[in-house]
Structure formats: structure tokens, C-alpha cells
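Before any comments, here is the structure.
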Amino acid sequence: MGPQRSSGLTQFILAPNPGPMSLDGTNSYILRGPAQSAVVVVDPGPEDETHLAALAGVGTVELILVTHRHADHTAGSARLHGLTGAPVRAMDASHCHGGGKPLASGEVIRAAGLEILVVATPGHTSDSACFHLPADGRNGSVLTGDTILGRGTTVLDYPDGTLGDYLASLDLLEALGPATVLPAHGPVLPSLESAARDYRTHREERLAQIRAALARLGRDATVGEVADAVYAGVGPSVRRAAELSVAAQLSYLRGGSEGQPAPPGR
């Protein structure tokens with residue numbers, strides 16, 4: 001599949017890795033400023049030679065960025081570096097290649113005729129980051145990785161990802177206003193502000209369900225028992241993801257290492 005337009009300054013190529021967690025597959029984004037031959041690639045996706053060759057062929061790849069450590073985003077990055085010579089940068093140094101330095105929150109990257117703002121958004125994983133393109137259309141755009149998806153909700157990869165971090169990241173993204181959402185999985189969304197608010201509402205509803213389950217089952221109920229009560233309808237392919245989310249929410253409610261829960265209702 002060739003590049004598809006996702007916003008004024010971005011295109012994407014859908015990777016051939018559909019699944020219960022990756023939806024239709026990974027959206028590998030191509031960022032390019034006006035009248036530029038150079039591009040930035042975000043989330044190369046799996047180590048699939050046809051997909052990586054398509055990314056390498058869209059222009060002169062100047063830089064490769066990854067939103068977080070999961071293999072459906074990073075597995076092809078070393079090979080894409082090999083094909084293009086472009087350095088790979090990530091929050092986690094172990095996913096940097098070719099002399100690429102770890103990303104820093106608040107950093108402004110200038111590449112391919114663009115300014116790309118790095119926004120650390122831990123929660124899905126501890127190393128999750130989003131990339132803000134303020135010049136992409138009237139309201140800008142944000143590549144949200146797995147922090148906000150085009151459809152469905154995000155799994156917290158507990159204990160690496162925590163609910164306290166995730167809620168703080170949603171607040172940070174909501175403050176960026178009605179920017180276009182360019183997610184790593186699923187379709188483009190029109191408003192980051194709205195999507196982040198909806199995600200927070202969903203999390204608060206889940207927390208209320210888990211509080212109710214604990215009231216019935218007892219405060220010391222296990223992750224499996226709570227998952228049976230709250231995620232009774234999920235299939236086996238996403239059961240593990242449901243249990244991870246329950247574990248993150250129980251830690252949050254029980255005042256684990258991530259701190260005390262925030263007040264409800266914001």
C-alpha cells in the first residue's frame with residue numbers, strides 16, 4: 001500500500017501487521033515540510049521488507065522517530081536506518097540507532113523543513129512520547145502513538161505504564177487544544193482536546209466500575225477476579241490486555257508507588 005494523506009504535512013503507510021492490539025496495523029508516518037524532498041519517518045513498524053522499502057522510497061529520509069518501545073513500532077527501525085542511513089531517535093536509548101540521541105521532553109526538532117515538538121506522555125509505557133507539529137494546518141497536529149488511538153482505548157502496559165502518569169499525559173494533551181490527532185493505530189481524529197477528554201472520561205468510568213467491584217468482592221480482590229467482574233465480555237485475544245489495565249487501576253486506587261489517586265470528576 002502506498003502513502004495516504006493524513007494531514008497537510010503528513011502521509012502514512014499502513015504496515016501489514018493487523019491484530020487485536022494493533023487494529024488495522026501500524027500507521028508509519030511520513031512528515032515533510034512544503035517543497036521539501038527530505039522526510040522524517042515516525043514509527044517504522046514491523047521488520048517487513050516490503051513496508052520498509054516503501055518508507056525508504058518516499059524521499060530522502062533525514063530522521064527516524066519512534067513513539068515508544070513496543071515492537072509494532074520499533075522492530076523495523078534498525079533496518080530502515082540501514083536502508084537510509086538516517087539516525088533513529090526514541091526516548092529510550094536502547095531504541096536509538098545510527099548515532100541518534102535519546103529524545104528530551106520539550107525538545108524542538110528541526111528536520112525536513114519542519115519544527116517537531118517532543119511531548120513526553122508516559123502511561124501507555126514509561127517511554128511514550130508524542131510529536132506536535134504546530135504548523136500543520138490551522139490547529140496543528142499531534143502524532144499520538146498509542147497514547148490516543150483512532151478507535152478504542154489504550155492499554156496501560158503495567159507496571160511500566162501507570163494510570164497516574166497516563167492521566168497526567170491526557171491533561172497535557174488536552175491543553176494542546178483542537179489539534180488533529182494522528183494515531184499510530186486507527187483513523188485520524190479531528191480534535192485532540194476532545195479525544196483526550198473522552199479518554200479521561202472513559203478511565204474515570206472504569207475506575208468507578210472497579211470501585212464497585214471491590215465493594216462486592218472485598219478490597220483484597222485479585223486482578224483476575226476484578227477482570228472477571230469488569231471485563232466479563234472480552235474475548236481471549238484481549239484478556240491479557242484487560243488484566244494489565246485492571247492491575248494499573250488497582251495500583252492507582254490502592255495508592256501504589258505512583259501516588260494517591262486524583263480527585264474524580266474533572
Side-chain angles (χ1 to χ4, degrees), residues 15 17 19-23 26-27 42-47 64-78 88-97 100-107 118-131 142-149 152-173 183-186 195-196 199-200 202-204 206-207 210 222-224 226-227 230-231 234 237-262:
N17 61 335
M21 304 304 297
S22 57
L23 304 181
T26 302
N27 298 326
V42 178
D43 285 343
E47 193 172 6
I64 301 162
L65 300 173
V66 294
T67 58
H68 66 289
R69 62 181 173 77
H70 284 155
D72 56 327
H73 300 255
T74 61
S77 55
V88 181
R89 300 191 63 196
M91 296 293 284
D92 183 343
S94 66
H95 291 289
C96 296
H97 305 284
K101 297 179 181 178
L103 297 167
S105 184
E107 176 182 1
V118 179
V119 184
T121 51
H124 172 65
T125 61
S126 61
D127 68 327
S128 287
C130 296
F131 301 113
V142 179
L143 288 84
T144 54
D146 284 4
T147 299
I148 292 180
L149 304 176
T153 56
T154 297
V155 173
L156 305 184
D157 196 355
Y158 182 81
D160 180 55
T162 69
L163 182 55
D165 280 347
Y166 188 66
L167 293 176
S169 292
L170 290 179
D171 289 347
L172 190 64
L173 293 175
H185 305 284
Y199 263 50
R200 194 178 228 287
H202 170 77
R203 290 291 169 183
E204 290 172 351
R206 283 297 192 197
L207 284 170
I210 288 177
T222 67
V223 167
V226 175
V230 176
Y231 292 89
V234 305
S237 64
V238 293
R239 170 69 185 200
R240 175 60 179 158
E243 290 185 353
L244 285 173
S245 287
V246 168
Q249 290 169 105
L250 287 176
S251 176
Y252 181 75
L253 290 173
R254 290 167 174 166
S257 59
E258 60 189 281
Q260 295 297 319

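Just so it is clear, the model here is predicted, and its values are computed rather than measured.
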Do you know which two heavy atoms are closest between Pro44 and Gly76, and how far apart they sit?
CB-C, 4.1 Å
Would the distance check show the side chain of Thr26 and the main-chain N or O of Asp72 forming a donor-acceptor pair, the cut-off being under 3.5 Å?
yes
Would you say the side-chain atoms of His185 pair up with the backbone N or O of Ser22, donor to acceptor, closer than 3.5 Å?
yes
Phe131 side chain reached by Val119 side chain, heavy atoms, under 4.5 Å
no
Under the rule for side chain to side chain contact (heavy atoms under 4.5 Å, CB included), what residues qualify as partners of Leu244, not counting sequence neighbours?
Val155, Asp157, Arg240
Between OH on residue Tyr158 and CD on residue Glu243, distance to nearest 0.5 Å:
13.5 Å
Between CZ on residue Arg69 and OG on residue Ser126, distance to nearest 0.5 Å:
6.5 Å
Just verifying a value: how many Å separate Leu207 CG and Arg203 CZ, rounded to the nearest 0.5 Å?
8.5 Å
Do His70 and His124 come within less than 4.5 Å of each other through their side chains, counting heavy atoms only?
yes
When you measure from the side chain of Asn27 to the backbone of Pro183, do you find a donor-acceptor pair of N or O atoms at a distance under 3.5 Å?
yes
Does Ser128 reach the main-chain N or O of His68 with its side chain, forming a donor-acceptor pair under 3.5 Å?
no
Arg89 with Glu107: basic N within carboxylate O range, under 4.0 Å
yes
For Leu172 and Ala120, the nearest pair of non-hydrogen atoms, with its separation, is CD2-O, 3.7 Å
Nearest 0.5 Å, what's the CG-CG distance between Asp165 and Leu170?
11.0 Å
Run the side chain to side chain contact (heavy atoms under 4.5 Å, CB included) test against Asp92 and tell me which residues pass, sequence neighbours left out.
Ser94, His95, Asp127
Looking at Arg200, Arg206, His202, which hits side-chain hydrogen bond (donor to acceptor under 3.5 Å, both in side chains) with Glu204?
Arg200
Asp43 side chain to Thr67 main-chain N or O, any donor-acceptor pair under 3.5 Å?
yes
Between OG1 on residue Thr121 and CE on residue Met91, distance to nearest 0.5 Å:
8.0 Å
Least distance between heavy atoms, Ser77 atom then Ile64 atom:
O-CD1, 4.4 Å
Between Leu163 and Ser251, is there a side-chain heavy-atom distance shorter than 4.5 Å?
no
Main chain of Leu167, side chain of Tyr199: is a donor-acceptor contact present, judged purely on distance under 3.5 Å?
no
Heavy-atom closest pair (Pro102 atom, Ala93 atom, distance to 0.1 Å) is CG-CB, 3.8 Å
Please report the C-alpha distance between Thr147 and Tyr166 in whole Å, then the side-chain angles of each, then the deciding distance to 0.1 Å, and finally whether the side-chain contact (heavy atoms from CB on, under 4.5 Å) criterion is met.
CA-CA 8 Å; Thr147 299; Tyr166 188 66; 3.9 Å; yes
If I compare all heavy atoms of Ala75 with all of Glu47, which pair ends up nearest, and what's the gap?
O-CB, 3.8 Å
Between Cys130 and Thr144 the two heavy atoms that sit nearest each other are SG-CA, 3.6 Å
Is a donor on one side and an acceptor on the other found under 3.5 Å between the side chain of Thr154 and the backbone of Asp146?
yes
Could you tell me the separation between the CG atom of Leu143 and the CD1 atom of Ile148, rounded to the nearest 0.5 Å?
12.0 Å
Can you find a heavy atom in the side chain of Leu103 that is under 4.5 Å from one in the side chain of Leu65?
yes
For a quick check under 3.5 Å, do Asp160 and Thr125 share a side-chain donor-acceptor pair by atom type?
no
